[in-house]
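Comments concern the structure below.
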Amino acid sequence: MRRSRVKDILASGQGGPVLLKGWVRTRRDSKGFSFLELNDGSCLGNVQALVDHSRELSPLLERLNTGAACAVAGELVASPAAGQKWEVRVSALTVYGEADPETYPLQKKRHSDEFLRTIAHLRPRTNKYGAMLRIRSEMALAVHGFFRERGFAHIHAPILTGSDCEGAGEMFRVSSLEPEAVAALSPVEREAAEFFGRAAGLTVSGQLEAEMLALALGDVYTFGPTFRAENSNTPKHAAEFWMVEPEMAFADLAEDMDLAEALVCGLVRHALTHCAEDLALFVSFVDKTLMATLTGILDKPFVRLPHAEAIRVLQASGRSFEFPVHEGSDLQTEHERFLCEEHFKSPVIVHDYPKEIKAFYMRLNDDGATVAAMDLLVPRIGELVGGSQREERLEVLSRRMAEAGLPSEPYWWYLDSRRYGSAPHAGFGLGFERLLMLVTGIANIRDVIPFPRTPRNLEF
RNA sequence: UCCCCGGUAGCUCAAUCGGCAGAGCGGGUGGCUGUUAACCACUAGGUUCGCGGUUCAAGUCCGUGCCGGGGAGCCA
C-alpha cells in the first residue's frame with residue numbers, strides 16, 4: 001500500500017484503509033490507548049492516530065516519543081471528538097527511528113529563534129520552520145512562473161568568477177591550492193599554479209553576464225546563489241543568499257521599475273493565494289500586522305520619487321535625523337524607513353540618484369549629474385530591490401569606469417557588448433530572502449534560510 | 001568593523017544592597033481521563049559562558065576573551 005500524505009488525508013472526503021508515515025509531534029497516553037499526532041512535512045497540520053494498548057502495539061508505542069519516525073497502518077475514520085475531522089485507527093505500527101526524549105532538543109513548547117538556530121539541522125521539524133520552507137519553495141516556483149509568463153528566459157550565470165571588481169561587495173576567494181603550498185609561492189607563481197591560471201572567486205552578482213545574455217535573448221533572468229564576504233552582522237545580510245536578477249533589452253528605467261513592482265506584487269499575491277495555511281501561522285505567532293502589510297502592498301501603486309525629491313521630503317519633514325540630509329547625500333536607513341513606513345506608508349521606489357553614490361554601469365542621465373538607478377524600499381526590510389538602466393554608450397561607460405578607477409582590460413568582454421549591437425537595457429536584483437522576510441514577517445534573514453551562512457557561522 | 005544590551009537547570013527566565021541557587025515548561029516515576037499546549041502527585045537535574053582580579057564572602061563588582069541579540073555601516 002502506498003503511503004498517504006497528511007495533506008491529502010486532511011483534505012479527503014471519505015475514510016478507508018490508510019498508510020501514513022511521519023514523525024511524532026506528540027503522544028498523549030490514556031488508560032488503554034494513546035493518541036499519536038503525526039506530521040510528515042506535507043503541510044502544517046497533523047493527523048491524529050489512535051493506538052490501542054494491545055499486546056502487539058504497546059511495546060512499539062513505548063518507543064514512539066516526540067520526534068520519532070514511524071508508519072501507522074489502519075483505518076481512516078471520522079473522529080468522534082472535537083478538534084479534528086479525521087483520525088486513524090491503528091492496526092499496525094512500524095518504528096523507523098526513535099528519538100530519545102532525554103536528549104531530543106525539540107520539545108512540545110515554543111522555542112526561541114536563537115536556540116533553534118543552534119539546531120538548524122532539526123528546526124525544519126518545527127511548525128514555524130516547516131511553514132517557512134514550504135513558503136520558500138512555493139515562492140521560488142512563483143518567481144519562475146512570473147518570468148515564464150512574461151517570456152523571460154531563465155539563464156544560469158556562473159558561480160565561479162574571475163572578475164574581481166564588480167563593485168557589489170567583497171568577494172570570497174576560491175582556490176584549489178593548499179594554503180601551505182601557496183605561502184611559498186610568489187604572486188606570479190601562484191597565479192600560474194591556480195586552477196584557472198588566475199585569481200578566482202564566488203560571484204557577487206550575475207548581472208554582467210545577464211546583460212550579455214539579455215543582449216542576445218531579449219528578456220532574461222538569473223535566480224541563484226550569491227556570495228558576499230562583507231563582515232555584515234545584521235538581521236538582513238547573509239554571506240550566501242539567493243538573488244533574482246532580471247535583465248531586459250530595449251528597456252528603460254521606467255520599465256525596470258514597472259517590472260520590479262509587478263514582480264513584488266505578483267509574489268505577494270501568489271503567497272496569499274497559495275500559502276494561506278502556512279501564512280496564517282505567521283499572522284498568529286510572528287507578526288499580527290502581516291496581513292495588513294501584504295494587502296497594503298497590493299492596494300495601491302508604489303510611490304515613485306526622484307532622489308532629489310526624496311531629499312526635499314526628508315528636509316521638509318521637520319524631523320531631526322541622526323544623519324542630516326542634504327542634496328547629493330545617500331539615504332540612510334533611518335531616511336528609508338521614514339519614507340516608506342511613516343511618510344508614504346507604502347513601498348517606495350527612489351530613482352535617479354546622484355552618480356557619485358552609484359555604480360559605474362548605471363546609465364548617466366542627460367543632466368550629467370544623476371544616473372538612472374532605482375531602489376525599491378519596503379516597510380521593515382528596507383531595500384528589497386536595487387537596479388538601474390545600464391549605460392549602453394561605449395564612450396560614456398569607458399569614461400565612468402575610468403572615473404571609478406577601474407581598469408578596462410578585465411572588462412573587455414563587457415565593453416564588447418557596447419561595441420557590437422549595443423542597445424538600451426535595464427535590470428535589477430531582488431533579494432530572495434528579503435522577499436521571504438516581507439512575506440512571512442520573519443525578522444531575521446537567518447530564519448528564512450535553512451542553513452544560513454553569516455560571519456563566523458558555518459556549522460551544518 | 002563600531003555602539004548598546006545580554007550569557008544562571010535540556011528550554012524560557014527569576015535571584016533585593018555583594019551574604020545558603022529558584023520557578024515554569026521539558027525529562028523520569030506513579031495516577032487519571034476520547035485526549036488534543038491534556039490534567040494531578042512525586043522526583044532527578046547546576047563548572048551561574050571561559051580566564052584573571054577585588055573581597056571575609058562574587059551569579060551579582062572590575063578587566064579580558066568567546067558567544068548571542070539590537071542598532072549603525074556595507075548591500076540584495
Side-chain angles (χ1 to χ4, degrees), chain A residues 25-38 45-52 65-67 77 79-84 87 89 99-119 127 166-170 203-207 222-245 260 264 285 322-323 330-337 357-359 375-378 381-387 428-438 443-449 454-457 459:
Chain A
R25 277 297 165 75
T26 150
R27 189 184 83 203
R28 292 180 292 272
D29 297 320
S30 286
K31 192 164 204 150
F33 55 91
S34 294
F35 296 102
L36 281 179
E37 206 142 319
L38 297 183
N46 307 321
V47 164
Q48 171 169 290
L50 185 72
V51 187
D52 275 319
N65 297 298
T66 299
V77 300
S79 178
Q84 60 283 316
E87 65 185 25
R89 295 282 164 87
D100 181 358
E102 296 270 14
T103 55
Y104 186 61
L106 291 176
Q107 305 171 355
K108 291 178 352 187
K109 57 173 272 192
R110 198 197 161 276
H111 289 290
S112 67
D113 294 335
E114 291 80 8
F115 171 66
L116 290 170
R117 269 171 227 154
T118 68
I119 50 166
N127 287 337
E166 292 173 16
E170 283 298 306
T203 183
V204 293
S205 164
Q207 180 200 315
T222 73
F223 182 15
T226 310
F227 308 88
R228 304 274 167 91
E230 302 287 348
N231 189 13
S232 298
N233 292 282
T234 84
K236 49 183 224 188
H237 290 87
E240 176 181 309
F241 62 100
W242 284 61
M243 189 153 61
V244 181
E245 294 182 283
V264 171
F285 298 118
E322 191 188 338
F323 298 90
D330 205 355
L331 298 182
Q332 304 290 323
T333 296
E334 56 173 342
H335 306 138
E336 297 179 349
R337 296 193 65 149
I357 59 176
K358 288 291 181 185
D375 282 357
L376 167 54
L377 314 172
V378 295
I381 316 291
E383 188 176 341
L384 177 63
V385 168
F428 61 80
L430 175 143
F432 186 58
E433 282 77 14
R434 290 187 183 173
L435 175 91
L436 290 172
M437 292 168 71
L438 177 72
N444 196 309
I445 197 167
R446 294 168 180 83
D447 301 326
V448 294
I449 306 178
T454 53
R456 314 204 61 81
N457 180 13
E459 197 66 61

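Naming: A, B, ... by sequence-line order, numbering from 1 per chain.
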Check your understanding: Where the side chain of E230(A) is concerned, which of C11(B), C74(B), U35(B) is the nearest nucleotide?
Key -> C74(B)

Exercise for review: Compare the ring of F33(A) with the six-membered ring in the base of G34(B) and state whether they stack (centres under 5.5 Å, planes under 30°).
Suggested key: no

**Study point:** Watson-Crick or G-U wobble mate for C25(B), both contacts under 3.5 Å
**Key:** G10(B)

Point to revise | Inter-nucleotide C1' distance (C4(B), G18(B)), Å rounded | key: 26 Å

Review point. Paired with C39(B) by Watson-Crick or G-U wobble geometry, both distances under 3.5 Å: which nucleotide is it?
Key: G31(B)

Check your understanding: Looking across every strand, which nucleic acid part, if any, lies under 4.0 Å from P80(A) by heavy atom: base, sugar-phosphate, or nothing?
Key -> base

Exercise for review: Go through G68(B), C11(B), A76(B) for me and flag the one nearest to the R117(A) side chain.
Suggested key: G68(B)

Practice item. Measure from the side-chain heavy atoms of Q48(A) and tell me the nearest of A76(B), C11(B), U35(B). Key: U35(B)

Point to revise | salt bridge (charged side-chain N to carboxylate O under 4.0 Å, His left out) pairs, two or more places apart, involving residues 428-437 of chain A | key: R136(A)-E433(A)

Exercise for review: Return the nearest nucleotide to the side chain of E114(A); candidates are U35(B), G68(B), C75(B).
Suggested key: G68(B)

Check your understanding: Which whole-number value in Å describes the distance from I445(A) CD1 to A76(B) C1'?
Key -> 8 Å

**Study point:** Sequence-distant partners of R117(A), salt bridge (Lys or Arg N to Asp or Glu O under 4.0 Å), two or more places apart
**Key:** D447(A)

Point to revise | P spacing across the pair U64(B) / C3(B), given as an integer number of angstrom | key: 12 Å

Practice item. Return the nearest nucleotide to the side chain of K236(A); candidates are C75(B), U12(B), A76(B). Key: C75(B)

Check your understanding: Over how many whole Å does the gap from L430(A) atom CG to A76(B) atom P extend?
Key -> 11 Å

Practice item. Could you check whether E87(A) gets within reach of a base, just the sugar-phosphate, or nothing at all, counting any heavy atom under 4.0 Å? Key: base

Check your understanding: How long is the line joining CD of E240(A) and C1' of C75(B), in whole Å?
Key -> 16 Å

Check your understanding: Expressed as a whole number of Å, how far does the P atom of G50(B) sit from that of C56(B)?
Key -> 24 Å

Exercise for review: May I ask you to say what V244(A) touches in the nucleic acid, namely base, sugar-phosphate or nothing, with a heavy-atom cut-off under 4.0 Å?
Suggested key: nothing

Point to revise | Close side-chain approach of L435(A) and L384(A), heavy atoms under 4.5 Å | key: yes

Exercise for review: For C67(B), take OP1 and OP2 only and decide whether either is under 4.0 Å from a side-chain N or O of R456(A).
Suggested key: yes

Practice item. Rounded to whole angstrom, note down the P distance from C61(B) over to A44(B). Key: 32 Å

Review point. Does R27(A) place a side-chain N or O at less than 4.0 Å from the phosphate oxygens OP1/OP2 of U35(B)?
Key: no

Review point. With a 4.5 Å limit on heavy-atom distance, are the side chains of F241(A) and F432(A) in contact?
Key: no

Study note, to complete from the structure: Hits for side-chain hydrogen bond (donor to acceptor under 3.5 Å, both in side chains) against D52(A), two or more places apart or cross-chain, chain-then-number order -> none

Check your understanding: Given the P atoms of U1(B) and G28(B), what is the spacing between them in whole Å?
Key -> 44 Å

Review point. Among all residues two or more places apart in sequence or in another chain, which pass the salt bridge (Lys or Arg N to Asp or Glu O under 4.0 Å) test with R89(A)?
Key: E87(A)

Review point. Start at the 5' end of RNA chain B and walk down; is the nucleotide closest to F35(A) or to S112(A) reached first?
Key: S112(A)

**Study point:** Distance, rounded to the nearest Å, where R434(A) contributes CZ and C74(B) contributes C1'
**Key:** 10 Å

Review point. Taking atom types as they are modelled, is there a donor-acceptor pair under 3.5 Å from the base of G10(B) to the side chain of E102(A)?
Key: no

Study note, to complete from the structure: If pairing means Watson-Crick or G-U wobble with both distances under 3.5 Å, then the partner of G52(B) is C62(B)

Practice item. Check whether any side-chain heavy atom of I445(A) lies under 4.5 Å from a side-chain heavy atom of H237(A), and answer yes or no. Key: no

Review point. With D29(A), which residues qualify under salt bridge (Lys or Arg N to Asp or Glu O under 4.0 Å), at least two apart?
Key: R27(A)

Review point. Listed by chain and number, what are the salt bridge (Lys or Arg N to Asp or Glu O under 4.0 Å) partners of K358(A), not counting sequence neighbours?
Key: D375(A)

Review point. How close or far is atom P of C74(B) from atom CD of E383(A), stated in whole angstroms?
Key: 10 Å

Check your understanding: Do M243(A) and Q207(A) have side-chain heavy atoms sitting under 4.5 Å apart?
Key -> no

Exercise for review: Please list, chain by chain and in numerical order, all residues satisfying ring pair (Phe, Tyr, Trp, His ring centres under 6.0 Å) with F115(A), sequence neighbours excluded.
Suggested key: H111(A)

Point to revise | F115(A) CZ to A9(B) P, straight-line distance once rounded to whole Å | key: 12 Å

Set out, line by line, the N/O atom pairs under 3.5 Å between protein and nucleotides 71-73 of chain B.
residue	atom	partner	partner atom	Å
G73(B)	OP1	Q332(A)	OE1	2.5
G73(B)	OP1	T333(A)	N	3.4
G73(B)	OP2	T333(A)	OG1	2.6
G73(B)	N2	N231(A)	O	3.2

Taking only nitrogen or oxygen atoms into account, show me every contact under 3.5 Å that the protein makes with nucleotides 45-49 of chain B, one pair per line with its distance.
none

Exercise for review: Look at the side-chain N and O atoms of N65(A) and state whether any lies under 4.0 Å from the OP1 or OP2 oxygen of G27(B).
Suggested key: no

Practice item. Counting Watson-Crick and G-U wobble pairs only, both distances under 3.5 Å, name the nucleotide matched with G73(B), or none. Key: none

Practice item. Using the C1' atom on both, measure G52(B) against U16(B) and round to a whole Å. Key: 29 Å

**Study point:** Distance in angstrom units between F241(A) CZ and C74(B) P, rounded
**Key:** 15 Å

Practice item. Scan side-chain atoms only and decide if N127(A) and R25(A) contain a donor-acceptor pair under the 3.5 Å cut-off. Key: yes

Under-3.5 Å N/O pairs linking protein and nucleotides 38-43 of chain B:
residue	atom	partner	partner atom	Å
A38(B)	OP1	K108(A)	NZ	2.9

Exercise for review: Could you check whether L50(A) gets within reach of a base, just the sugar-phosphate, or nothing at all, counting any heavy atom under 4.0 Å?
Suggested key: base

Practice item. Would you please name every residue forming a ring pair (Phe, Tyr, Trp, His ring centres under 6.0 Å) with F35(A), sequence neighbours left out? Key: F33(A)

Practice item. Quote, to the nearest angstrom, the C1' distance that separates U55(B) from U60(B). Key: 13 Å

Check your understanding: Quick one: is C11(B) close enough that its OP1 or OP2 comes under 4.0 Å of any side-chain N or O from K109(A)?
Key -> no

Review point. Which part of the nucleic acid, if any, lies within contact of S79(A), taking any heavy atom under 4.0 Å across all strands shown: a base, the sugar-phosphate backbone alone, or nothing?
Key: base

Check your understanding: Run the side-chain contact (heavy atoms from CB on, under 4.5 Å) check on I119(A) and L106(A) step by step: do they pass?
Key -> CA-CA 9 Å; I119(A) 50 166; L106(A) 291 176; 3.8 Å; yes

**Study point:** d(CD1, I357(A); C1', C74(B)) in whole Å
**Key:** 14 Å

Exercise for review: Only counting residues at least two apart or in another chain, list the ones meeting ring pair (Phe, Tyr, Trp, His ring centres under 6.0 Å) with F428(A).
Suggested key: none

